[in-house]
Amino acid sequence: MENLIALLVAAPLLGAAVLLCGGRRLDAVGHWIGTVLAAVSFVIGIVLFADMLGKGPEERTLTQHLFTWIPVGDFQAEIGFQLDQLSMTFVLLISGVGSLIHLYSVGYMEHDERRRRFFGYLNLFLAAMLLLVLADNYLLLYVGWEGVGLASYLLIGFWQHKPSAATAAKKAFLVNRVGDMGLSIAIMLMFTTFGTFAFGPVLASTGDASEGMLTAIGLMLLLAACGKSAQVPLQSWLGDAMEGPTPVSALIHAATMVTAGVYLIVRSADIFNASPDAQLVTTVVGAVTLLFGAIVGCAKDDIKKALAGSTMSQIGYMVLAAGLGPIGYVFAIMHLVTHGFFKAGLFLGAGSVMHGMNDEVDMRKYGGLRKYMPITFVTFGLGYLAIIGFPGLSGFFSKDKIIEAAFAKGGTEGWILGSVALLGAAITAYYMTRVMLMTFFGEERWRNQPTASPDEPSAEPAAEHHGAHAEPHPHESPKVMTIPMIVLAVGSVFAGGFFSIGNRFEHWLEPVTGYKHGNPPVSALTVTLSTMVVLVIGAGIAYAQYGRRPVPVVAPRGSLLTRAARRDLLQDDFNHVVLVRGGEHLTRSLVYVDHTLVDGVVNGTAASVGGLSGRLRRLQNGYARSYAVSMFGGAAILIAATLLMRGV
Amino acid sequence: MSAPAVHSLWTTAAEPISKIDAPKIEYGQLSPTLIVIGAAIVGVLVEAFVPRKSRYHVQLFVSVVAMAAAFAAVVALAAGGYGTTKAHIAAMGAIAVDGPSLFLQGVILLTGLIGVFTFAERRLDPAAHGNRVDSFAAQAASVPGSESEQAAVKAGFTTTEAFPLLLFAVGGMLIFPAANDLLTLFVALEVFSLPLYLLCAVARRKRLMSQEAAVKYFLLGAFASAFTLFGIALLYGYAGSVSFATIAQVVDGTVPDVNPALADTMGNDALLLVGAAMVVMGLLFKVGAVPFHMWTPDVYQGAPTPVTGFMAAATKVAAFGALLRLLYVVLPGLRWDWRPVMWGVAIVTMLGGAIVAITQTDIKRMLAYSSIAHAGFILAGVIATTPDGVSSVLFYLAAYSFVTLGAFAVVTLVRDAGGEATHLSKWAGLGRRSPLVAAVFAVFLLAFAGIPLTSGFAGKFAVFKAAAEGGAAPLVVIGVISSAIAAFFYIRVIVLMFFSEPKPEGPTVAVPSPLTMTAIAVGVAVTLVLGVAPQYFLDLAGQAGVFVR
């Protein structure tokens with residue numbers, strides 16, 4: 001059975017190789033090759049899952065050792081896989097949602113000339129992401145980590161002819177490098193501390209390392225997680241990443257890749273458990289990002305960017321939960337899975353709306369679309385209810401548990417984290433209601449005005465097929481797109497309940513992550529009721545602003561906070577002033593030092609050697625008599641020195 | 001006196017004389033040397049009896065066959081175990097047949113063979129009066145610029161004596177590293193030096209410079225020989241013997257029998273130290289170590305370039321072989337006395353060679369200073385006084401000699417109206433005009449500089465490693481600094497060839513015959529093979545690294 005693990009990675013990898021090397025002759029069938037291979041991976045995942053369910057909870061971990069990758073003395077890098085309940089959860093999510101999004105893309109990318117390449121990249125992403133979650137050591141995980149980074153870069157910049165897409169891809173790549181440095185430093189620290197970087201030995205021997213070292217490793221892992229999962233302070237790339245095609249946003253930048261940071265933290269649970277400082281920083285990062293993303297999400301008029309802010313915020317919840325330790329790991333992963341369903345569904349819905357609206361992304365130019373796109377409306381609406389935590393739907397269970405766990409952290413810390421999580425829930429209800437209302441309700445603001453002006457940076461080029469300047473004719477998307485949306489909507493509705501009834505998910509993951517029930521200072525019912533209250537308040541404010549009043553087509557100036565939020569809370573301005581300018585100053589000073597000091601020393605040395613050479617050269621005057629004198633002197637010195645050594 | 005008495009006097013006196021033992025000579029084991037010397041004598045006879053027209057071809061044939069046969073003999077001896085298990089002292093104690101001898105003899109013979117090829121090159125200069133000419137004067141005895149010289153050129157004379165001279169030099173060089181007593185050492189020194197003095201004087205172009213170089217070489221060489229001879233005398237006074245083994249025993253205090261006639265001086269350490277220093281000085285002169293190096297640039301520049309290439313490679317091999325044997329076999333008991341002194345010599349040699357090379361403007365002089373710096377590097381390996389030190393020096397010598405031969409062979413190709421264009425400025429932009437020649441020369445320069453994947457790197461690494469392990473780490477540091485300085489002038493030539501604009505009246509690259517092509521190709525091949533896969537040859541040198549005592 002364990003021999004199947006490698007096939008999980010191999011199937012999409014084969015797809016990537018075939019599609020990217022196959023050339024034009026595969027253009028006609030390439031997208032189906034990619035989709036089938038993604039589905040093959042999913043089926044293998046199901047088989048392994050069934051096998052795993054048949055075993056006792058403690059015997060479920062499978063390992064597969066392929067070969068030794070880098071054998072150098074004590075440094076043994078292995079290619080080996082480890083499939084346990086945590087990896088299994090991810091495998092099913094990645095290959096399942098991945099397959100659905102492959103299917104959706106068949107329709108969405110229908111008119112794109114480079115569709116085969118797109119599917120090649122998607123398969124490459126799947127392979128790398130599966131490698132990331134299946135690796136049995138940090139170094140191989142790092143390979144997958146860089147692989148998904150590469151795929152993300154390629155797909156964000158897929159429409160590379162648009163400068164904005166190329167820039168966004170570069171930005172994502174560069175910001176991720178910072179996080180990747182954290183991961184590589186963490187791996188180096190592990191190797192120097194434990195002499196290995198395999199999960200088993202490292203996590204089993206955390207007791208041997210000092211707390212300071214564990215905190216350092218934990219913080220470096222957190223830095224890596226911040227980069228990949230768009231957490232403050234490395235959050236700035238995610239909004240721009242929406243330049244990529246919408247299926248990419250759904251799969252990579254909502255459901256799977258951006259959650260890799262959460263996986264990394266939960267996988268390294270033993271390191272974080274042993275370092276309260278690292279845990280505290282993790283919860284702070286999660287709490288700050290949770291609010292940050294939510295506030296940004298409130299102000300965006302671009303539907304994908306509003307959803308991107310939401311993603312950031314929801315991952316903030318997961319990171320917060322992961323920072324809480326054993327009382328939170330399970331819920332972090334549970335929210336990750338439910339979020340995978342409803343956020344992917346929301347993005348696919350957004351894509352469907354854009355598909356019907358000449359690729360317009362500005363929600364102020366939507367309105368009243370529920371009549372024209374009923375399936376999209378229903379699936380999007382279910383996703384909406386799930387994300388705001390409507391009772392009974394997926395998000396309700398997973399988010400509620402995180403808020404409870406945050407309160408259960410205890411002390412002032414617990415109160416602060418819990419309140420922030422609660423506040424985040426209110427804002428979530430606000431911005432999602434806003435998105436919902438602006439898109440599907442209200443006046444049909446798209447009538448009688450030109451859509452997507454040609455210089456609109458985020459307009460997708462497929463618009464040409466629909467006639468960019470004509471009034472849009474909203475229509476429902478083809479079945480190949482709506483079926484994945486329906487499947488995901490079903491997941492959005494039922495996954496949370498399925499996981500929570502009888503605490504199934506806790507029992508499932510407990511052998512890997514450990515689980516401790518946290519007792520909040522107030523009763524769980526009070527927490528749930530408070531959540532409901534803030535939900536109603538948030539949604540109510542949004543309704544008052546966007547439901548009862550008409551939405552202006554041109555965005556009003558707005559308050560200072562709104563304007564800041566539209567600019568992503570000035571993240572880029574901050575980065576520019578502090579990092580870019582600072583970096584420029586640093587490089588200029590270094591260049592100055594290099595030119596004057598370093599070159600000075602080097603050139604000075606060279607000049608003095610040259611000068612010495614010129615002087616010594618004069619000894620070579622061409623006269624045999626001088627040469628003979630030199631030899632005689634040399635012989636005299638030689639003899640004298642030899643005698644001197646003996647002291648004769 | 002009566003007649004019977006006279007008769008009895010004759011008869012009684014005659015009897016004991018007939019009992020003199022004939023010396024026992026192991027002809028088979030000495031065959032490499034004997035073949036080469038024999039061929040040299042045949043070469044002299046060829047000069048005397050073969051018509052002038054066909055001398056060139058006959059001499060070339062004799063030389064090549066002799067070198068190849070001698071090399072085959074060396075290989076056969078090595079395969080027969082004479083380098084390792086059967087190593088012993090042959091010819092009544094005069095010649096050592098052991099690993100280092102055979103290894104170095106093999107290298108010298110291959111060097112000599114390639115030397116023959118470059119000597120025999122006749123396509124580089126334009127034909128004079130319908131006769132193909134080589135690098136040597138039409139008639140060495142004629143005064144430069146005189147009518148007799150013109151007549152000789154017109155008659156199509158060539159100095160085919162160069163071939164037997166080369167064979168004699170090689171013969172001496174074969175004995176030099178194998179010599180096991182001081183007299184044999186001295187005879188071998190003179191046997192290979194005198195032909196080289198002559199060969200330096202017979203350049204076809206720039207004859208005055210060539211003759212000046214030869215006279216300087218001869219004067220200074222004689223001066224150095226005098227030191228050596230005096231040192232030998234002092235050592236004899238110290239030990240009562242010229243045999244390496246006996247001297248070593250006296251140094252160690254384990255001498256079996258004391259010669260009563262020398263009882264007064266025997267064991268006088270002053271004699272030993274002064275004598276040893278003087279003999280070593282003579283050898284340092286031959287390898288071109290500072291401060292005994294001053295002849296090198298002038299002679300390298302003035303000598304015909306094929307001679308320079310042969311001399312630079314083979315002399316160094318032979319002289320370092322002799323130096324190794326002297327220091328490892330005769331004076332190991334004295335190493336605490338000679339090591340510090342040799343340290344000093346190695347340091348000034350490495351630094352001096354590298355620094356002065358920077359300001360050279362003539363390619364042959366630059367290579368001469370480069371060879372001085374390399375002598376310093378090799379000395380660092382000699383100083384290691386470990387088996388690894390010996391084998392690393394052997395490897396370095398093998399690697400270095402092929403690079404040197406190849407580099408000087410390339411120098412012969414780049415020509416203008418005045419013969420070889422050796423001024424560096426004329427090499428500007430050569431890479432644009434003749435990319436292949438420039439690339440080949442660049443390979444040699446990189447090997448000189450010790451860049452990885454060339455034999456120079458493998459050799460330098462082996463030598464420095466041995467030196468560091470032998471307790472000479474500071475020498476290695478200085479060696480690396482010198483290498484860095486040296487890299488400057490090697491790479492400057494590469495930059496000049498590839499990144500400068502060619503001059504309008506720049507030199508042309510002559511198309512050589514297969515002879516020079518073979519020499520260059522072998523040089524490149526050995527350089528790359530020893531650089532990419534040195535292990536086999538390092539092992540070979542390692543097996544050959546034990547001296548017989």
Side-chain angles (χ1 to χ4, degrees), chain A residues 67-77 590-648, chain B residues 212 215-220 222-224 227 230-231 234 268-278 280-282 284-285 289-298 334 336-345 348 351-360 365 368-369 481 484-485 488-489:
Chain A
F67 55 91
T68 302
W69 176 25
I70 312 174
V72 183
D74 292 337
F75 183 95
Q76 296 286 330
L590 286 178
V591 166
Y592 178 76
V593 169
D594 184 52
H595 278 176
T596 52
L597 202 67
V598 178
D599 286 5
V601 170
V602 171
N603 292 340
T605 312
S608 50
V609 170
L612 187 62
S613 174
R615 271 194 288 282
L616 285 179
R617 196 183 159 189
R618 279 187 223 139
L619 294 176
Q620 191 78 25
N621 57 11
Y623 292 119
R625 55 178 187 258
S626 310
Y627 298 176
V629 167
S630 152
M631 283 169 61
F632 187 80
I637 293 170
L638 205 66
I639 292 164
T642 314
L643 290 175
L644 209 63
M645 283 303 136
R646 180 62 74 89
V648 174
Chain B
E212 182 191 334
V215 171
K216 280 181 186 166
Y217 192 17
F218 171 68
L219 283 175
L220 297 172
F223 192 46
F227 273 95
F230 194 13
L234 292 177
N268 183 338
D269 276 355
L271 287 181
L272 168 68
L273 294 171
V274 175
M278 289 174 120
V280 166
M281 183 232 143
L284 289 177
F285 172 83
V290 177
F292 315 108
H293 69 290
M294 311 271 291
W295 60 277
T296 332
D298 291 10
L334 212 59
W336 302 114
D337 297 290
W338 62 257
R339 271 188 68 164
V341 181
M342 294 297 275
W343 267 58
V345 174
V348 295
L351 285 177
I355 289 175
V356 182
I358 286 177
T359 41
Q360 299 306 314
R365 283 184 88 83
Y369 281 104
I481 292 174
I485 297 172
F488 168 77
F489 57 80

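Chain identifiers are assigned alphabetically (A, B, ...) following the order of the sequence lines, protein sequences preceding nucleic acid strands; residue numbering begins at 1 within each chain.
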Could you look at [X] and say if it's the side chain, the backbone, both or neither that has a heavy atom under 4.5 Å from chain A?
X        : result
B:Ala354 : neither
B:Phe292 : both
B:Phe488 : neither
B:Ile485 : side chain

What pair of heavy atoms forms the shortest contact from [X] to [Y], and how long is it?
X        : Y        : answer
A:Gly634 : B:Pro291 : CA-CG, 3.5 Å
B:Val345 : B:Val290 : CG1-O, 3.7 Å
B:Leu234 : B:Met278 : CD1-SD, 3.9 Å

| message | Is it the case that over 12 heavy atoms from other parts of the model lie below 6.0 angstrom from the CZ atom of B:Phe218? | response |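 Not buried by this count: 12 neighbours or fewer within 6.0 Å.
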Most contacts with chain A, counted as non-hydrogen pairs under 4.5 angstrom, among [options]:
options                                : value
B:Ala277, B:Gly344, B:Ala357           : B:Ala277
B:Leu219, B:Leu284, B:Val348, B:Ile358 : B:Ile358
B:Leu334, B:Asp337, B:Val215           : B:Asp337

| task | For the pair B:Tyr217 and B:Trp295, name the ring-plane relationship: parallel under 30°, tilted 30 to 60°, perpendicular over 60°. | result |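 If you compare the ring of B:Tyr217 with that of B:Trp295, the planes turn out parallel.
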| said: Tell me which of these, A:Ala624, A:Ala628, A:Gly633, A:Ala641, has more heavy-atom pairs under 4.5 Å with chain B than the rest. | reply: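 Option with the greatest count: A:Ala628.
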| said: Let me confirm one number: the OG1-CG distance from B:Thr359 to A:Leu616, rounded to the nearest 0.5 Å. | reply: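 Rounded to the nearest 0.5 Å, the OG1-CG separation comes to 8.5 Å.
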